[in-house]
*Asks:* 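Structure below; questions to follow.
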Amino acid sequence: MNIRWSLVIPVKTLVVAKTRLAAATGQHRTEFAVAVASDTVAAALACPPVARVIVVTADPAAAGPLAALGADVVPDPDRGLNTALRTGAAHAARVASADAVGALQADLPALRPAELEVALAAAAEFDQSFVPDALDVGTTFYGVRPGVVFSPRFGGESRAKHLAGGAKELSVPGIDSVRRDVDTPDDLRAAVALGLGPHTAAVVARLWPESP
């Protein structure tokens, strides 16, 4: 059976987004955060098993551009990341109850549709599963099969939290771009090495013509 996915992507208010990159991005922080989220959403929408992308945000600066890419945008109740994700999952259940539901971090500027497809194929084998970040501390993706309770545990050392919650860790090769979230200049350099999406690449080329 081919499983279709609804992916929920939370985008926090951009004035507080990417605080650890603030010194590098300066007055362009909002523009950079929108570009990163845009590349994440565009890559997810281009992934064949993904039926829809649901962006949860309270920020109109993000809502407009991401809706223009084809995302469904729903309001963030502003009660934390996991509540935002559950809000998006509830929307997914209303519009496509037979789909699997996944949570994807918004800061994956090197995300490749083919690599996401590999991760989703692996996730489809388990009731609940997750992809750890490149540091093996956090989580970049969490998903559940159709009909399984959606219980995201993002925040802090979320890899350990998802393991404790019974989710299967997906240790499949060839998904580096799914694991490479960007919070620091070093993260950005690693994403540049993988190959940035066009929105982020344009901002990086203008802000750091030599290197990030």
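Everything numeric in this text was worked out from a predicted model, so none of it was measured.
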*Asks:* Would Val56 end up clustered with Leu69 when hydrophobic side chains under 4.5 Å apart are linked, directly or stepwise?
*Replies:*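 Val56 and Leu69: separate clusters.
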*Asks:* How close do Ala124 and Ile3 get, counting heavy atoms only, and between which atoms?
*Replies:*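 Looking at all heavy atoms of both residues, the shortest contact is CB-CD1, 3.8 Å.
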*Asks:* Looking at Val36 and Pro109, what are the two nearest heavy atoms and their distance?
*Replies:*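 Smallest heavy-atom distance, with atoms named: CG1-CD, 3.8 Å.
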*Asks:* With rounding to the nearest 0.5 Å, note down the distance linking CD1 in Ile175 to CZ in Phe141.
*Replies:*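 Interatomic distance, Ile175 CD1 to Phe141 CZ, rounded to 0.5 Å: 9.5 Å.
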*Asks:* Considering non-hydrogen atoms only, spot the tightest contact between Ala119 and Leu170 and give its length.
*Replies:*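 For Ala119 versus Leu170, the nearest heavy atoms are O-CD1, 3.8 Å.
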*Asks:* Please round to the nearest 0.5 Å and tell me the distance separating atom CG of Leu120 and atom CD of Glu125.
*Replies:*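 It is 12.0 Å, given to the nearest 0.5 Å.
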*Asks:* Any link between Leu85 and Val148 through a network of hydrophobic side chains (Ile, Leu, Val, Met, Phe, Trp, Tyr) touching at under 4.5 Å?
*Replies:*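 Leu85 and Val148: one cluster.
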*Asks:* Which heavy atom of Val203 sits nearest a heavy atom of Phe32, and at what distance?
*Replies:*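 The pair with the smallest heavy-atom distance is CG1-CD1, 4.1 Å.
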*Asks:* Just say parallel, tilted or perpendicular for the rings of His162 and Tyr142, cut-offs at 30° and 60°.
*Replies:*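 Geometry flag for Tyr142 against His162: parallel rings.
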*Asks:* Test of understanding: clusters of I, L, V, M, F, W, Y form through side-chain heavy atoms closer than 4.5 Å, transitively. Do Val101 and Val53 belong to the same one?
*Replies:*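 No, Val101 and Val53 fall in different hydrophobic clusters.
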*Asks:* Can you tell me if CD on Glu169 sees more than 12 non-hydrogen neighbours from other groups inside 6.0 Å?
*Replies:*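 More than 12 within 6.0 Å, yes.
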*Asks:* For a side-chain contact (heavy atoms from CB on, under 4.5 Å) check, start with the C-alpha distance between Asp187 and Asp107, then their side-chain angles and the critical distance, and finish with the verdict.
*Replies:* CA-CA 10 Å; Asp187 295 337; Asp107 55 352; over 6 Å; no
*Asks:* Taking only residues two or more places apart in sequence or in another chain, which ones pass side chain to side chain contact (heavy atoms under 4.5 Å, CB included) with Asp72?
*Replies:*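 Partners of Asp72 under the side chain to side chain contact (heavy atoms under 4.5 Å, CB included) test: Arg52, Ile54, His91.
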*Asks:* If hydrophobic clusters are built by linking Ile, Leu, Val, Met, Phe, Trp and Tyr wherever their side-chain heavy atoms come under 4.5 Å apart, do Phe154 and Val137 end up in the same one?
*Replies:*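 Not linked; separate clusters.
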*Asks:* Find the distance between CZ (Phe150) and CG (Asn82) and round it off to the nearest 0.5 Å.
*Replies:*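 The distance works out to 8.5 Å.
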*Asks:* Test your reading of the model: is there a side-chain donor-acceptor pair from Gln105 to the backbone of Asp133, 3.5 Å cut-off?
*Replies:*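 Side chain of Gln105 to backbone of Asp133: no pair is present.
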*Asks:* Just how far is it from atom OG1 of Thr40 to atom CG of Leu111, taken to the nearest 0.5 Å?
*Replies:*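 The distance works out to 6.0 Å.
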*Asks:* Run Val73 and Thr57 through side-chain contact (heavy atoms from CB on, under 4.5 Å) and show every step you take.
*Replies:* CA-CA 7 Å; Val73 177; Thr57 188; 3.9 Å; yes
*Asks:* Would you say the side-chain atoms of Arg4 pair up with the backbone N or O of Pro48, donor to acceptor, closer than 3.5 Å?
*Replies:*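 Yes, Arg4 side chain to Pro48 backbone: donor-acceptor pair under 3.5 Å.
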*Asks:* Would you say Trp5 ends up clustered with Val41 if hydrophobic residues are merged whenever their side chains have heavy atoms under 4.5 Å apart, either directly or through other cluster members?
*Replies:*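 Yes; Trp5 is reachable from Val41 via cluster members.
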*Asks:* As an exercise, state the distance from CZ of Arg179 to CG of Asp136, rounded to the nearest 0.5 Å.
*Replies:*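 Between atom CZ of Arg179 and atom CG of Asp136 there are 4.5 Å.
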*Asks:* For Ile9 and Leu66, run side-chain contact (heavy atoms from CB on, under 4.5 Å): C-alpha distance rounded to whole Å, both residues' side-chain angles, the deciding distance at 0.1 Å, then the answer.
*Replies:* CA-CA 10 Å; Ile9 298 180; Leu66 299 179; over 6 Å; no
*Asks:* Could you tell me whether a side-chain N or O of Glu115 sits under 3.5 Å from a main-chain N or O of Asp176, the two making a donor and an acceptor?
*Replies:*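 Judged by distance alone, yes, a pair lies under 3.5 Å.
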*Asks:* Grab the two heavy atoms, one from Ala110 and one from Ser177, that are nearest each other, plus how far apart they are.
*Replies:*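 Nearest heavy atoms, Ala110 then Ser177: O-CB, 3.1 Å.
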*Asks:* Please lay out, stage by stage, how Arg206 and Glu31 fare under the test side-chain contact (heavy atoms from CB on, under 4.5 Å).
*Replies:* CA-CA 12 Å; Arg206 191 172 72 255; Glu31 180 186 7; 2.4 Å; yes
*Asks:* Minimum heavy-atom separation for Ala84 to Asp76, with atom names?
*Replies:*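 Smallest interatomic distance, heavy atoms only, reads CB-OD1, 3.6 Å.
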*Asks:* Could you tell me the separation between the CG atom of Leu7 and the CG atom of Leu104, rounded to the nearest 0.5 Å?
*Replies:*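 Here the rounded value is 6.0 Å.
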